[in-house]
Amino acid sequence: MKAYELSLKDKRDAESIRLTAERIGMEKGMEKGIEKGRQEERAKAEAEKRISALKMLKSGFEPKVIADIIGLSIEEIEKLK
């Protein structure tokens, strides 16, 4: 009977280890996905800033005013011309 109980314990331990590894893997995957989403959103926001700055330039705003409002550097705005 002792061998059977040990075999059940080993089986349960192995299953516990597998489930823990699976949970850790899922957590790491979620963290990577969230970070990737944040990076994509930052890139999208930067692109939208440039589009807005270009529209403002075309409307006659001065680069310094655009820089103050949008948060891009004057150099970045000058490159859009």
Side-chain angles (χ1 to χ4, degrees):
M1 191 63 130
K2 208 61 152 155
Y4 176 73
E5 290 171 359
L6 287 175
S7 125
L8 279 178
K9 182 184 178 316
D10 288 345
K11 188 174 183 178
R12 288 183 189 126
D13 287 348
E15 180 66 7
S16 178
I17 290 168
R18 184 191 69 77
L19 289 172
T20 299
E22 184 177 300
R23 180 183 52 79
I24 290 170
M26 291 290 287
E27 288 171 359
K28 286 183 179 180
M30 291 294 290
E31 288 171 7
K32 285 182 180 179
I34 289 169
E35 182 58 32
K36 182 179 179 186
R38 286 181 182 145
Q39 289 173 352
E40 290 172 356
E41 285 301 312
R42 281 187 213 115
K44 183 179 174 184
E46 285 299 313
E48 289 173 358
K49 283 182 178 183
R50 286 181 174 78
I51 291 169
S52 295
L54 186 58
K55 287 179 182 178
M56 292 174 80
L57 277 172
K58 288 181 180 179
S59 295
F61 284 81
E62 291 295 319
K64 177 157 179 19
V65 173
I66 298 170
D68 289 342
I69 293 170
I70 295 191
L72 294 174
S73 71
I74 294 174
E75 293 79 25
E76 289 175 295
I77 294 166
E78 293 290 340
K79 289 179 187 176
L80 297 174
K81 287 184 177 181

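Along the sequence shown, the residues carry numbers beginning at 1. Computed from a prediction, not measured in an experiment: that's the story for all the values here.
Clustering ILVMFWY residues whenever any of their side-chain heavy atoms sit less than 4.5 angstrom apart, transitively, puts Leu54 in the very cluster that holds Phe61. There is a path of hydrophobic side-chain contacts, each under 4.5 Å, that joins Ile69 to Leu57.
The two residues Ala67 and Ile77 make their nearest non-hydrogen contact at N-CD1, 3.3 Å. The two residues Leu72 and Glu46 have their closest heavy-atom pair at CD2-OE1, 3.8 Å.
Ile51 contributes atom CD1, which lies 10.0 Å from atom CG of Leu80 (distance to the nearest 0.5 angstrom). Note that CG of Leu19 is 11.0 Å distant from CD1 of Ile24, once rounded to the nearest 0.5 Å. Note that the CD atom of Glu48 and the CD atom of Glu41 stand 8.0 Å from one another [nearest 0.5 Å]. Between the NZ atom in Lys9 and the CG atom in Leu6 there is a gap of 8.0 Å [rounded to 0.5 Å].
Residue Glu62 qualifies as open at atom CD: its count of foreign heavy atoms under 6.0 Å is 12 or below.
Under 4.0 Å is where a charged nitrogen must lie from a carboxylate oxygen, and between Arg23 and Glu27 at least one such pair does. Taking a cutoff of 4.0 Å between a charged side-chain nitrogen and a carboxylate oxygen, Lys81 and Glu78 qualify as a salt bridge.
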List the steps, then state whether side chain to side chain contact (heavy atoms under 4.5 Å, CB included) holds for Arg38 with Glu35.
CA-CA 5 Å; Arg38 286 181 182 145; Glu35 182 58 32; 3.9 Å; yes
Before you tell me yes or no, could you show the steps for Lys11 and Glu15 under salt bridge (charged side-chain N to carboxylate O under 4.0 Å, His left out), namely the whole-Å CA-CA distance, both residues' side-chain angles and the distance that decides it to 0.1 Å?
CA-CA 6 Å; Lys11 188 174 183 178; Glu15 180 66 7; over 6 Å; no
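Side-chain atoms of Ser16 never come within 3.5 Å of backbone atoms of Arg12 as a donor-acceptor pair (strictly under, hydrogens ignored).
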